[in-house]
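Notes follow the structure.
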4 protein chains.
Amino acid sequence: MCPRDRAKRRTQERILDAAERVFAEKGYHQTLVDEIARTSRTSKGAVYFHFPSKEALFAALMDRLAARLLREVEGAIAAERGGVAKVRAALEAVTRRLARHRRLAKVLLVQSFSSPAFVRKRLEVLERFAGLVRAQLDDAIAEGSIAPVDTAVVAHAWLGAVHELVVRWLYTGEPPLERAVPELTALLLRSVGLEPASEPERPSSTKTREQKQGQS
Amino acid sequence: MCPRDRAKRRTQERILDAAERVFAEKGYHQTLVDEIARTSRTSKGAVYFHFPSKEALFAALMDRLAARLLREVEGAIAAERGGVAKVRAALEAVTRRLARHRRLAKVLLVQSFSSPAFVRKRLEVLERFAGLVRAQLDDAIAEGSIAPVDTAVVAHAWLGAVHELVVRWLYTGEPPLERAVPELTALLLRSVGLEPASEPERPSSTKTREQKQGQS
Amino acid sequence: MCPRDRAKRRTQERILDAAERVFAEKGYHQTLVDEIARTSRTSKGAVYFHFPSKEALFAALMDRLAARLLREVEGAIAAERGGVAKVRAALEAVTRRLARHRRLAKVLLVQSFSSPAFVRKRLEVLERFAGLVRAQLDDAIAEGSIAPVDTAVVAHAWLGAVHELVVRWLYTGEPPLERAVPELTALLLRSVGLEPASEPERPSSTKTREQKQGQS
Amino acid sequence: MCPRDRAKRRTQERILDAAERVFAEKGYHQTLVDEIARTSRTSKGAVYFHFPSKEALFAALMDRLAARLLREVEGAIAAERGGVAKVRAALEAVTRRLARHRRLAKVLLVQSFSSPAFVRKRLEVLERFAGLVRAQLDDAIAEGSIAPVDTAVVAHAWLGAVHELVVRWLYTGEPPLERAVPELTALLLRSVGLEPASEPERPSSTKTREQKQGQS
DNA sequence: CATGAATGAGCGTTCATTCAT
DNA sequence: GATGAATGAACGCTCATTCAT
C-alpha cells in the first residue's frame with residue numbers, strides 16, 4: 001500500500017500547489033474549483049476526494065504556507081546568537097521570504113481576509129509568528145538587552161508593520177523592499193530601544209541614526 | 001426640486017447606513033443586496049437606483065467611512081501644538097475611533113480585503129492617512145524634533161501596526177485596547193527616536209526607557 | 001398591487017402546471033429544475049423565487065393535485081343520497097378522475113414514493129381520502145346499511161386496491177379500467193357486505209354476483 | 001475452482017445483505033454505492049465486480065427478496081387443504097413476513113417506486129404473487145367455493161390492499177398489524193363472497209355479515 | 001479477485017442585476 | 001423615484017463508474 005499512499009500524497013500536493021497558484025492570482029472568491037482542478041492536472045473529483053470543500057482546501061493551504069514560513073524563520077533565528085541578532089534575523093527572514101514568494105504573501109496576507117473563517121485562522125497563524133518574536137523579545141529583556149515592554153503588543157505591532165509594507169509593495173511596488181526592509185528593521189528595533197547599529201545591507205543609512213540620538 | 005433632492009440624499013444615507021451594518025456583520029460576500037434593501041427599509045430597486053452595483057456601494061461606503069475617520073484625525077491634529085503632540089494625537093484619535101466604531105473598523109480594516117478591487121481602494125485610503133502622518137513627521141524632522149527617516153515607510157509601518165492590533169482586538173478582544181494603545185503609542189514614538197515621555201496611563205514604564213539608552 | 005399579485009399568482013400556476021407535466025413524465029429524480037423552468041416558459045430563477053426547493057415544489061404540487069381530487073370526490077359524494085350510493089360514487093369519482101388524468105395519477109400514486117419525505121406526505125394525503133371514505137362507511141354503519149367494521153382498515157385497504165389497479169393500468173394498460181372499475185367497485189362493496197346490485201355501467205356482471213349468494 | 005466460486009458467492013451475498021440494509025434505511029437515491037461497500041465490508045470495486053450497476057444491484061435485491069417471499073407463501077399454501085384455507089394462508093403468510101422483515105417490506109413495497117425501471121420490475125414481481133392468488137381463486141371458483149369473478153382484478157386489488165396497510169404501518173405504526181391483518185383477511189375473503197368464519201380475534205363481527213345479506 | 005484513488009458529467013441552488021409597472 | 005418579480009449565468013458539490021495497482 002505504500003506506493004499507493006505515495007501517489008495519493010503526490011496528488012494532494014499537486015492540488016495544493018495549484019491552489020496556491022490560483023488563489024494567489026485570482027483571490028479566493030474569484031477562484032473556481034474547476035480551475036484548481038485544471039491547473040493541478042487532476043480533476044474536480046480529485047480535489048473533493050482530498051479536501052472536503054473549497055474552504056477547507058484554502059485552510060489547508062494556509063497551514064502549509066504558514067508552516068513553511070515558520071520553519072524558515074525558526075531556521076534563521078537558530079542560526080544567530082544573541083537576542084538582538086535573532087530579532088533582526090527573524091524580521092529579515094520573514095520579509096525576504098514574503099518578497100521572494102509573492103504567492104505566499106498574497107495568500108497569507110491578503111486572501112486570508114476573504115472570509116470570516118479565514119480571518120480567524122489568519123489570527124491563529126500570526127499568533128504563532130508573534131510567539132516566535134515574543135520569545136526572542138523576552139530573552140532580550142531577560143538578558144537586559146532591552147527594557148521591559150508588553151511583548152504581546154510589540155510582536156503584533158511588528159507583524160502588522162511588516163504586513164502592511166509587504167502588501168503595499170505587492171500591489172504598488174512601492175516602497176521597494178530593498179529600501180523598505182532595512183528602514184523597517186531599524187524602525188522596529190528602535191521601537192524597543194535597540195540601536196540598529198551594524199546593518200549589513202545599508203551601512204550608509206546607519207549614520208543618520210547616530211545623529212538622531214543627539215536630538216532626543 | 002430641492003426637497004426632492006433632499007429626500008434622495010436621505011434614501012442614499014439610509015442605504016449606506018444599512019450597508020455599513022450588514023457588510024460589517026456578514027462580510028462583503030456573505031452580504032446580499034436583498035438584505036441591504038431590507039435593512040435600509042427601501043427596496044432592491046432603490047439600492048440600484050442610487051448605486052450602480054454592489055461593488056460600487058461598498059466602495060462608496062469605504063469612502064464615507066474613510067472621510068469621517070480622516071476628518072476626526074485632522075481635527076485631533078489641528079487641536080494640538082507641536083509635532084510630537086500632533087503625532088500622538090493622531091494615533092490616539094484613530095485607535096479611539098476604530099475602537100468605538102467596530103463596524104467602521106470591520107469594513108475599513110477587514111472587509112476591504114474582500115476583493116482585489118477593494119484591496120487597491122484600501123491602499124488609497126490608507127495612503128491618505130499615511131499622508132497625514134507623514135506631514136506631521138516631516139514637520140517634526142524639519143523642526144529637528146526627530147532624526148530624518150523615510151517617512152513613507154514609517155507612516156505605513158505605523159498604520160500596519162495599528163491595523164493589526166485593532167483587528168486582533170476586534171476578533172479576540174485581546175489585548176484590550178486600553179492597555180494596547182498607550183503601549184503602541186509609546187512603541188511608535190520610540191521607533192522614530194521620540195521619548196514617549198508624558199504618558200498619562202503608564203508613567204512607570206517611561207522610566208525604563210531611560211535605562212535602555214545606556215545599553216547601546 | 002393587485003395586478004402585480006395576479007401576475008405573480010399566474011407565474012406560480014404556470015410553474016406548477018409545468019412541474020406536473022414534467023414530474024409525471026420523467027419522475028422526480030429524472031426531472032431537472034431547468035426543464036420545469038423551460039416548460040413553464042419562465043426561468044429557473046422564477047421557480048426558486050416561488051418555491052424554496054425542488055422538493056418543496058413537488059410537495060406543493062402534491063397538495064394542489066390532492067386538493068383537486070378531493071374536491072371532485074366530495075362533489076361526487078354530495079351529489080348522492082344514501083350511504084351505499086355515496087360510497088359507490090366516491091370510488092367511481094376517484095378512479096374516473098385518475099384514469100382521465102394520467103399525470104395526476106403518476107404524480108400522486110407513483111412519484112409520491114420518490115423520496116422518504118414524500119412517502120410521508122403521501123400518507124397524509126391518503127389519510128384525507130381515507131377520512132372521506134370512513135365518514136361514509138361510519139354513516140352506513142350508523143344507519144344499519146352495513147355491519148360494523150374497522151373503518152380505518154377498510155378505508156386504507158380500499159385505497160390500496162384502487163392505487164394498485166390504477167398504477168398497473170397506467171403502466172401496462174391491463175386490466176382496462178372500464179372493465180376493472182366496476183369489478184373493483186363490486187369487490188369493495190362486497191367486502192363490507194353490500195350487494196353491488198344496480199351497477200349502472202355493467203348490469204350484466206351484476207348477475208354473477210347473485211349466483212354467488214347461493215353459495216355461502 | 002469450486003471453493004473460489006463459493007467465496008465469490010459469499011461476497012455477493014454479503015453485498016446483497018448490505019444493500020438490503022442500506023436501501024431499506026435510506027432509500028434508493030439516498031444510498032451511496034460507497035456505503036453499500038462499507039456496510040458489506042468489501043469495497044466499491046467488489047460491488048462493481050459482482051453487479052454491473054447500482055440499478056442492477058437493486059434489481060437483483062428485489063429478485064432475491066421476492067423469491068424468498070414467494071417461497072414462503074408457496075409453502076404456506078401447500079400446507080393447507082381447501083381453496084379458502086389456502087387463500088387465507090397466503091394472505092397471512094405475506095403480511096406476517098412483511099411485518100417481521102421491515103427491510104423486505106421497505107425495499108419491495110416502497111423503494112421499488114424509486115425509478116421508472118423499478119416500477120416495472122415491481123409490477124412483474126407483484127404479478128408473480130398475483131399469479132399465486134389467482135391460482136387459488138380459480139381453484140376455489142372451479143370447486144364452487146366462490147362465485148366467478150375476474151380473478152386478475154381481485155388478485156391485484158388484494159395485493160394493493162395489503163401493500164397499503166403494510167406501508168402505512170411501516171411509517172406510522174398505525175393500524176397495528178395484529179389488529180389490521182385479521183380485519184383485512186376477513187375483508188378480502190368477504191370481497192369474494194366468502195364467509196370469514198373462524199376468526200380467532202373478532203368472532204362477533206362474523207355474525208353481522210349474515211344480517212347484512214338481508215338488506216340488499 | 002479486490003482495492004480505492006481518480007474521473008467528470010451532471011445538477012440544485014444562489015444572487016447580482018434588470019425592468020415593467 | 002420606488003418596487004419586487006423575473007432573469008440566467010455562474011458555481012460548489014455529488015456520486016456512479018472506471019481502472020491501475
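Just so we're on the same page: letters track the sequence lines, and every chain starts at 1.
Side chains of C/Phe113 and D/Val119 form no contact here, defined as non-hydrogen atoms less than 4.5 Å apart. Side-chain contact check for A/Glu35 versus A/Lys26: some heavy-atom pair is nearer than 4.5 Å. Here the side chains of C/His50 and C/Lys8 are in contact, with some heavy-atom distance below 4.5 Å. The side-chain heavy atoms of D/Arg64 and D/Asp17, taken from C-beta on, include a pair separated by under 4.5 Å. Looking at heavy atoms from C-beta onward, A/Asp34 lies in side-chain contact with A/Arg38 at the 4.5 angstrom threshold.
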**Request:** Walk me through it: do C/Leu69 and C/Leu65 pass the test side-chain contact (heavy atoms from CB on, under 4.5 Å)?
**Result:** CA-CA 6 Å; C/Leu69 184 54; C/Leu65 292 177; over 6 Å; no
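Take the nearest nucleotide of DNA chain E for D/Gly45 and for A/Val47: the residue whose nucleotide is more 5' is D/Gly45. Summary of the strand contacts: D/Lys44 and B/Lys44 both lie near DNA chain F, and taking for each the nucleotide with the nearest heavy atom, the more 5' one is attributed to B/Lys44.
One atom, CZ of D/Phe51, and another, C1' of F/dT18, lie 18 Å apart when rounded to the nearest Å. When the P atom of F/dG4 is taken as reference, atom CD of C/Gln12 falls 17 Å away, rounded to whole Å. Atom CD of D/Glu55 is separated from atom P of F/dC15 by 17 Å (rounded to the nearest Å). Taking atom CZ of D/Arg10 as the reference point, atom P of E/dC1 lies 11 Å away to the nearest angstrom. With rounding to whole Å, C/Tyr28 atom OH is found 12 Å from E/dC11 atom C1'. Atom CZ in C/Arg6 sits about 16 Å away from atom C1' in F/dA5, given to the nearest Å. Rounding to whole angstrom units, CD1 of residue B/Ile15 and C1' of F/dA2 are separated by 10 Å. Atoms CZ (D/Phe58) and C1' (F/dA16) sit 16 Å apart, rounded to a whole Å.
When distances are taken from the side chain of D/Ser53 to each of F/dT17, E/dT17, E/dT7, the shortest belongs to F/dT17. When distances run from any side-chain atom of A/Phe49 to the nucleotides E/dA6, E/dT3, F/dA6, the shortest one goes to E/dA6.
Contact annotation: A/Lys8 side-chain N/O to E/dA5 OP1/OP2 distance is under 4.0 Å. Remark: A/His50 is in phosphate contact with E/dA6, judged by side-chain N or O atoms under 4.0 Å from OP1 or OP2. Between A/Lys54 and F/dG12 there is a side-chain N or O to OP1 or OP2 distance below 4.0 Å. Residue B/Thr11 places none of its side-chain N or O atoms closer than 4.0 Å to OP1 or OP2 of F/dG1.
Residues from residues 31-40 of chain A placing a heavy atom under 4.0 Å of any atom in DNA chain F, listed by number, are A/Thr31, A/Leu32, A/Val33.
As judged by a 4.0 angstrom heavy-atom cut-off over every strand, D/Tyr48 is placed among the base-contacting residues. Within the nucleic acid shown, A/His29 has no heavy atom closer than 4.0 Å to any nucleic acid atom.
Between the A/His29 side chain and the B/Ser115 main chain, no donor and acceptor come within less than 3.5 Å of each other.
Under the Watson-Crick or G-U wobble criterion, with both distances below 3.5 Å, E/dA20 is paired with F/dT3. Of all nucleotides present, only F/dC13 satisfies the Watson-Crick or G-U wobble test against E/dG10, with each distance under 3.5 Å.
A cation-pi arrangement is not found for C/Lys54 relative to C/Phe23, the charged atom failing to lie both closer than 6.0 Å to the ring centre and inside a 45° cone about the ring normal.
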